[in-house]
Structures are given as structure tokens and as C-alpha cells.
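All values reported here derive from a predicted model rather than from experimental measurement.
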Amino acid sequence: MRYALRRLPVLVVTLWAAITLNFVLPRMMPGTPADAALGKIAGQGPVTASQRRAIEVMLGVPHGSLLSQYWQYLKAIAEGNFGISYTYFPEPVSKVIGAALPWTLALVGTSTVLAFTTGALLGVLAAWRRGSRLDSVATVGCTFMTAFPYFWTALLLLYALGFVLGWFPIRGGYSSSVSPGWDWTFAASALRHSVLPAFTILISGLGGWLLGMRNNMMGVLGEDYVTFAEANGLPARTVALRYAARNAVLPSATAFGMALGMVVGGSLLTEVVFGYPGIGYLLYNAVVNEDYPLMQALFLVITVSVLLANFVVDLLYGFLDPRVRR
Amino acid sequence: MAGTPGELGAAGGRRGDGVGGSAPGGSGAPGVGAPGTDGTSSGSGGRDGAVADPQPAAPVVEGEPGGHPQRTQQPLLFASGLDVVYEPAGAPVVHAVRGVDLSIDPGEMVGLVGESGCGKSTLGYALTRLLRPPARITAGRVVFDGRDVTALDQGRLRTMRHRGFAVVLQSGMNALNPVRTIDGHFADVLRTHRRVRGAAARQVAEELLGHVELAPTVLDRFPHELSGGMRQRVVIALALALQPKLVVFDEPTTALDVLVQRAVMDTIARLQAEVGFSALVISHDLGLVLGTADRAWVMYAGRIVERRESAALAGAPLHPYSAALLACHGDPTADNVQLGGIPGSPPDLSVPPQGCSFAPRCWMKEPVCRNDPPERVIGTGTVACHLAPRKLVVPRALEATVLASTAGGMGVGQNSTDGTATYDGRAALSAGPGPGASDGPALSPGAAAAPDGAAWAVRRRRSLERVEPEALVLQDVVKQFRTARRTGGRAGGRADGAWPGVGRARSSTVRAVDGVSLSLEPGHAVGLVGASGSGKTTLGRMMAGMDRPSSGTIRLGGLRVETMRSRDLPRYWQRVQMVFQDPYAGLNPVHTVGYAIGRALRNHQRLRDDRLRSELHRLLEVVGLTPSGQFSAKLPHQLSGGQRQRVVIARALAAKPQVLVADEPVSMLDVSLRAGILRLLDELRRDTGVSLLYITHDLLSARLVTDHLLVLQKGRVVESGPTASVLRSPSHSYTKQLIEAIPVVA
Ligand SMILES: Nc1ncnc2c1ncn2[C@@H]1O[C@H](COP(=O)(O)OP(=O)(O)O)[C@@H](O)[C@H]1O
Ligand code: SF4
Ligand SMILES: [Mg+2]
């Protein structure tokens, strides 16, 4: 607990820095992004005064001193009032993001966690049975898999399983024939749609985790404490898991934290290829359409999620390794 | 092939002639453990019969027991014709253990010594079946308690470890799982082997810790919260939890501080006597082994070349290698102190030996040595040398590495409070043997003057240019550190033991150096001794200008370390150079020796081209790396530890320093290499007038190369004076402790 408290200031400061940067950047851009955005949105339909005001607060039309602008901006963020989106006019940005976030978290989050756990477990197994068939197959296979470009995997799966065999739908988050809601038909449809993108993430991530974990394990297996545990006649499982793997996972934990941080923002390619209605796809559309209000909010969401994930993993690390606790 | 059955039998049969102390007189296995167990009075009741529980009738040995005709009892463990190889992928096969026969009786303590790389650990691991690929036992067998352990599968082996053999790994620094509490370690072992859990397990663990003199609170700690000595004690207690009949200790105290080393060895010896297990103590330190073990085996290049009772080996070694190893030890408080060394290094074990493998380093070799020497029985021991038992006279070639320091010479120093007179005494010494300087079996002191044939002889007549003499003067130097909230082994000068503050120290300031004043005159050598954590290195770093003192002054002529700006530091470093402890870390692995020294010459002396090259070769010759052309092209990994340390010294000399600060320059080296480096330092001082601050915890080397000694405890100088008189008549209790901690040979 003391350890967690000691980490907290770092989180607060970095969060503040990210939020402030997001305030400064659009104001430093040449021209006035707010005017550009308002101009584009005006082409879509009528803009209410409060909508106009929100965009000005976020993107910066010089009303009042910088300090008061900053204060307005912070207030807007606290209220979640990011203005309206041009791409999804007249939806407010917060609602657009709110709709996309669960999709990404569910798909990318789950598959990242899955890739890590299976990869790490297989890595432990490969290292424990070093030199065995399993080890050589896993090592060679994963080296190949990690060398294979990410989007190629996606396209290949899409083509083979989706297009040729037709086992899985090739686009979207759910079938257009069902309406979103908490019912079985929708869940089944969403699940079927998530298989291909999930597999892409799994396949491209798993190899790296496996190889990394195997390497860590090989190092740890040479450590005296593993030899000593063996010399004390402890059961093989205890030695492999509690003594070796438990220590080998430490370096991977940090990398896993980074990967978790990338969940929200890092799945752009997959989501675009599969037309998946998540944050990555949203970001793609925002950039393509120069949708400044949406872009700004997305950047904020992505940086904050990276910071939060790192914080959580930091805490986890303190729990995993008594040497950093103190 | 080594020992025939008959010879081995003789090795084992020596039990008849009084093994002093702990050995319970060879009355047969069942008798050994029981009385010892009862003797463990201090709360061992719960340990259900401690280690060696009464066995059923004499164990049945599969096959014939490797020949032990004279035995009155079965050995607890014996090996015959044991061969171990390493088969690393893409590298030549290393034959680390060759045809070893051995046997260990119940309740006895055997020492296994030799330089590093001789195969000691490999043998220890083979005996306990801990070898991992690429190591493999290719021939021979190991019979423990009647069972051939080389044939057991992993499952059987695991159960066998309980009440079988246990291993204590090198210094225990790393033998504990860093993410598991000590309690967790005990729980794992006790649950597996003794089916004890929970509160009962904790109680057993507490008792086991009691045996190694640790408090129960240690159970709640993580390994990193314990000092090195405490960790090693925990490891020993864990090994005892197996209730083993045999414990293999692999370098049990190597990385520990001197005082802790002694305490841990004492604990091992006491437990061994009380509990009655057999012990194999592996060490590169012959002194340590001879001081504790009943019998000693000397290993060289994968073979056991001599096995004797410890006392006999210490008194009159039969194998030239044993004699040479023995000459590397000495009593720093004796009248006449000498140190020998062994030129060269152990052979590459991936090349099959041609005849005796010690021959390249042996001064006694004769044509017959081209044949593999048989292991011959001599008295109660064996020796693998063609010429044994010829009287061993140490030859001139080896005498080159002899450092002699006689009481007569020291007498001068004792009369003087500053080091000057002592320095004169030392100079006189180097010219010839001191009066009455001829005790001990080994090395003649006269040799100091005539190192003919030795590499560094070449340059003795040359002399480096003298530098303007200036003293390095320290006044009331203090260095404070803010400690993190952790107590490792090194913090605060606490060596070992005393658990109250373990790992829970508050953040506070520690005075690593607390008001030290000293003056290092040109051409003098001051020794700084003390246990680890006493502030030696901190003081050395400040003197070398690598740290600033918190208060006090450090002056060298007009230069003052405490107020110096960073851009003036290079000028200081030109005059004061430091040689570090670890010759492996000090050199960049991708740069050749020539590059490393050349760069220092460029930086400090601004030499270029031809002048640089000739100076480079001169320096290499000064430090004895000849032919210099060959050495300057080498990369660090192609050098031995001793050679690397010479490179580091040559690099330090490239600055033409006035002061050399040497921080434990030989502590990481095998004893056989120490004499050479020490001699080099000593000669540099005498020939070039460079002054030397020699930091060490090894009193013997301090006696040999310094004329003045400061004893540091918790950052304070507790005793100082001419080296010989401080060591021979210490007045402070801490100095006495340090002296007592030295293992007594014989
Ligand atoms: N994993 C390994 N692979 C190849 N050679 C090794 C390995 N471990 C040790 N050796 C070699 O085996 C020999 C004996 O090593 P070791 O048993 O550690 O000696 P000691 O314990 O006496 O220092 C050395 O020549 C060493 O280089
Ligand atoms: S056999 Fe020969 S070379 Fe080997 S140790 Fe004996 S004398 Fe020296
Ligand atoms: Mg070893």
C-alpha cells in the first residue's frame, strides 16, 4: 500500500503533463484548428451555440487570457465535454468514443492478455523441456511468426478463413441483421466477428511473448536458486513454476505493461483491416477526415490509457518483486 | 588410469591413525549419527532424530565396492573411474573430470582444493547428480549408501535427496529465490520431504535456524534483506532440513567477508561434529580446507593428484602442485613471511593431456613425466607424480615470485612512526635475504633478488622516470551517505550476525568514513585493512579523486580534492591512479590490450605514433607481459585473470602516476596468481618511487607489500602503525579478530 502511494504522485504528474500537452498542441498549430473544425461542421448542419463554445474551449479560439482558457479546458475535460464530431455529425465526441471503447477493450484487451498468458506458459514449457521436440517446434515457429508482418497475417486470415472458406465474417463488429443489445443473437454475432481480428493479434503477439519468456527462463534456469531447489529434491513442478517461472516472468511483466498500454491505441491496423468499430478505426477515420475535435479527444484517451496501464503494471510489479517494494 | 583398487583402499584405510576431533573413530555407519544427534542439545528435540538416523544393517553395495580391502566399514559414498565432460554446442568437448576414484566415510570431513577451473565443482555436482547439459557423466559410477546414483531416474533421485545428500552452493548469495520469503523456502522443503506443514513446519524451520545461529524473525524476510553471511546460514539450514548423510559445500565462504567467512566455517565444523553428517568441502583456498577438514584432496586438471590427511599435507606435501599451492599461504604474523606463486595457469581441459598435466608448470619434470603418472600409495595417502616421494625443493624459477619480508628488516620500521624507515628496511630486503630468513619448507627468500627466467625479470634493471615527490595528505576526512531503506550485507559496517535491524533500517545518514587522517609519503606503501563495509573502498575512491569528501581535506601538492572542479580532475588523475578489484570488469571486452593502454598514454601523456608505441611496449614489459608485441594485440578474454590485472596496472601506469590506489587488486584472483601481482606492485614502488595505497582484507598480502598499516572499523581508524608491529602485536580487539579469522594451516 505504501508502495502504491509512493507511485501515485508520478501518475498524477504525468497525467497532468499529458492533459496540458493536449491543450497546448492545437493552440500551437498553424491556423486555428477550431475555426477549421467549425467551418467543416457548419457544412454538415446547424451548430448550436453551446456546441460551438465547446469546440472553441477545446481547440482554442483566443477568448480571454491563456490561463482562463486553460481553466475552461480543464473544466470541459472534467465534464467530458469534447465538442461534437464532424465525421459522426451531430454526435458529441464523448458519445462516439464511449461507443467505440468497449469494442476495443473487449477485442484487443482480451486477445492481448490471452497472447501473453499462452505465450508465456508455452515459453516456460519450452525452456523447461529445452531441446525437446516441443521446444524446437515452438522456437522455430515463433521466430517465423514474429518475423511475419502483422498486417500480412491479418490479410492472410481474412482471405483464407473469411473470403475463401467463408467461416467467419470479414468486416465489422456484428452482423447488420442484428441490433446491438444484451441478447444471445447479438453476442454470438459479435463473437463470430471478433474471431479473425482476435486471431491476428494473438498470432502476432504470442510468438514474441513465447520467445521472450523462453529466453528469460533459460537465464533463470542457470541461477543458483534453481539448482539449489533441485538439489533439495523439490518436485519438478514447484521448481519450474515457483522458482524458475516466477522469476522469469519479471522482465516480461514490464513489457506486458507496455502492451496493455497500447491496447487502446495500438490496434489501428487490425481494426481498419477488419472494419472493426473500435478506437483504432475511429482514429483512422478522424485522421482521414481531419476531424480535429475527435482526434484531440482520442489522443487524450490513448495517452491516459497508456499511463494508467503503466501505473497498474508498476503496482503489479511491486507485488511480484519484493526487491522493488520498500 | 588413476588409482587401482589397492591404492584407493589405502586412501580410505588411513582412518586408523587418529583423525583428531570430530571423527567418531570408524565404528560403522549406524553408530555415527546417533550420538551426535543427542549431542545437539540446543533445542533440537523436535527434529526427529536430526540428520543421520540409525540405518538398518550395513548397506548392501551393488557390485564390489571399488576395492576397499582394509576398510573396517563401508564408505558412505564412493566413486570409481568417474569421467565427466562438457559438450557445449559449437565448442570443443571439455574433459572436466578424468577417471576419479574416491570414497568418503560416514561422519568424516573431506576437503577438495585446486585452482579454479580444475573441475572441483563439476566433481561435486557429479557426485550429487546435479550436472545439467551440456555436462554428462561418460564413465564410472557413484555409489551412495549402497545405491548407484548415476543410474537413478529423476523421480527416485528426488526422494533420495531426503536423508541422502545435500548441497550448499557457492556462498549462498544467489541460492535463495529472490521473490520467496525464507519461510517459503523452508515450507517447500519440509512439505516435500517431511510432510510437515503450517505451524509445525514453521516450528521445525525455527529450530533449524537456531542451529545456524539465526533468529526466528529471519523467516519473514526476503533473501535480499539478509546479509551474505546470513543467507549462507539459511542455505545451510535448508540443507540440514533434508537430514542429509552427506553435505557437499561448494566454495561455501568464497564471496563472504573475512570475519563472516570464519564464523560460517566454524558453524559448518560444529554442525558436522554435532550432527554427524559427512562433508565434502570444496574450496580454492587450501588454508581454509586444511584448517577444517580431516582429509584433503588436491585436484588438478580433472584428476585428484594428492590425497592426504590435512596435517600431513600441510607438513610435507608430496605433489609439486600441492607444495606450490601451500606456498601461496602464510602466517602474516610470523617473523619471516614468504609468498609463493605458480607461473602459468591450469591447462585447457579440451585438449587431451600428454603425460602429466602439471608438467608445463612443474619445475621438477623429467623425461618420465611424458607418461601419465600413476596414483601411488605413500604412507596413508596417495599421490599422482612420477617422482614422489622425492623431497620437494622449490626451485629458482618459482622463487621469482617469492616476496620476502623478514622480521629483521621490519625492525627498522618499528622504530619509526612515519613509514620512511620501513621503506628503507624494505629496500634493504629486496637486495638480499634478511637475517635468519629460512624457515618453512618452501621458498628461499634470497630469490627476491634474482628472479631469473621470470617474465618480469627483464625490466628490473630499467627504471621509470622519477616524479616530483609529493605526499598525499588526508586530514579529518569524512564521507556521509544517505542510506536507502535497505540493509544489505555491506551497509553500515555490520558484517554478519546480529539480526535486530535486519532490512528495516530507517533512511538515515551513514558515516562510511569518519574522520580519517593519514599521510602517504612518496615511495611509501600504506595498507588499509578491515572487514567489508568498514569504509576502505570509500576512502580509496576519495583519495583517487573519484568522490569528494563530505568534510576534511585531501591534498596532493597544490591539488585539493575537496574543492576541485571537474575540469581539474584529469590533472589529479594523472597523478593518482586507481586499480580496481575486478580485473574482468575493468577492461572493455572489444578493445585490445594495446588500444586500452595506448588510449591512456594518449590522454595522459599526449604521446603519438612511434613514441606511443615504444612506451606501450615498455609498459607491457614493466608489468611482465612479454613478448609485448604479442600481448598488445590480445583481447581481454584471451587473457587470464592475472594477466588482465597486469594490463589494468599497466594502464594505470600510463599516466605516470605518483600515487597508485589499489583496491583489493588480488582478491578476485586465484592464490597462485597473487604473488606475481603483489610482487609487481612492490617492485613498482621501489623502482619508480610511486606511492601505494593498498586496500585489502587479506593481512598476509598487506604484510608483504606495505610498510604502514591502518585498520579501519566502521569508518574509523582503530589502529595504525608499522605493518609488522601492528600485525604481530595488535592492540585493538578488532585487529585481533581479523588476525584470528585467518585459517591456520597445519
Ligand atoms: N557449462 C560449461 N560448458 C563448458 N565447459 C564448462 C562448463 N562449466 C564448466 N566448464 C569447464 O569445466 C572445467 C571445470 O570447471 P569447474 O568444475 O567449474 O572447476 P572448479 O570448480 O574447479 O573451478 C573448466 O575447464 C570449465 O571451463
Ligand atoms: S609427474 Fe613430473 S611433471 Fe608431473 S608433477 Fe610429478 S614431477 Fe612434475
Ligand atoms: Mg567451482
Measure distances from Ala229(A) to the heavy atoms of chain B and classify the residue's part below 4.5 Å as side chain, backbone, both or neither. neither

Partner chain A: residue of Asn177(B), Leu157(B), Thr181(B) with the largest heavy-atom pair count (under 4.5 Å): Asn177(B)

At a heavy-atom distance under 4.5 Å, which candidate from Pro178(B), Gly164(B), Ala166(B), Gly155(B) has the highest pair count against chain A? Pro178(B)

Under 6.0 Å from the CZ atom of Phe199(A), do we count more than 12 heavy atoms belonging to anything else shown? no

Report, by ascending residue number, the residues of residues 207-221 of chain A in heavy-atom contact with chain B at a distance under 4.5 Å; give 'none' if the set is empty. Leu221(A)

Part of Glu223(A) lying under 4.5 Å from any heavy atom of chain B: side chain

Give a yes or no on this: more than 12 heavy atoms of other residues, nucleotides or ligands lie within 6.0 Å of atom CZ of Arg132(B). yes

Ile236(B) vs Val264(B), side chain to side chain contact (heavy atoms under 4.5 Å, CB included): CA-CA, chis, key distance, verdict: CA-CA 9 Å; Ile236(B) 293 172; Val264(B) 169; 4.1 Å; yes

Please look at His193(B) and chain A and tell me whether the side chain, the backbone, both or neither of the residue comes under 4.5 angstrom of a heavy atom of that chain. side chain

Sub-4.5 Å side-chain heavy-atom contact between Val313(A) and Thr254(A): no

Max heavy-atom pairs within cutoff under 4.5 Å with chain A, candidates Val248(B), Asp188(B), Leu238(B), goes to Asp188(B)

Portion of Arg130(A) that has a non-hydrogen atom of chain B nearer than 4.5 angstrom: side chain

Quick check on Arg161(B) against chain A: is it the side chain, the backbone, both or neither that has a heavy atom closer than 4.5 Å? side chain

Tell me which of these, Gly222(A), Ala236(A), Gly233(A), Pro235(A), has more heavy-atom pairs under 4.5 Å with chain B than the rest. Gly233(A)

What distance do Phe277(B) atom CZ and Arg163(B) atom CZ have between them, rounded to the nearest 0.5 Å? 15.5 Å

Just so I know, are the side chains of Ile182(B) and Leu226(B) near enough to count as touching, which here means a heavy-atom distance under 4.5 Å? yes

Could you tell me whether the side chain of Arg129(B) and the main chain of Val149(B) form a donor-acceptor pair under 3.5 Å? yes

Run the ring-ring contact (aromatic ring centres under 6.0 Å, His included) test on Tyr70(A) and Phe23(A) for me, step by step, so that the C-alpha distance in whole Å, both residues' side-chain angles and the decisive distance to 0.1 Å come before the verdict. CA-CA 7 Å; Tyr70(A) 187 52; Phe23(A) 168 79; 5.0 Å; yes

Rounded to the nearest 0.5 Å, the NE2 atom of His162(B) sits from the CG atom of Asn232(A) at a distance of 11.0 Å

Pick from Val226(A), Asn247(A), Leu320(A), Leu250(A) with the largest number of heavy-atom pairs that fall under 4.5 Å of chain B: Asn247(A)

Value for CG (Asn22(A)) from OG1 (Thr303(A)), rounded to nearest 0.5 Å, stands at 6.0 Å

Just by distance, do the side chain of Asp135(A) and the backbone of Gly131(A) share a donor-acceptor pair under 3.5 Å? yes

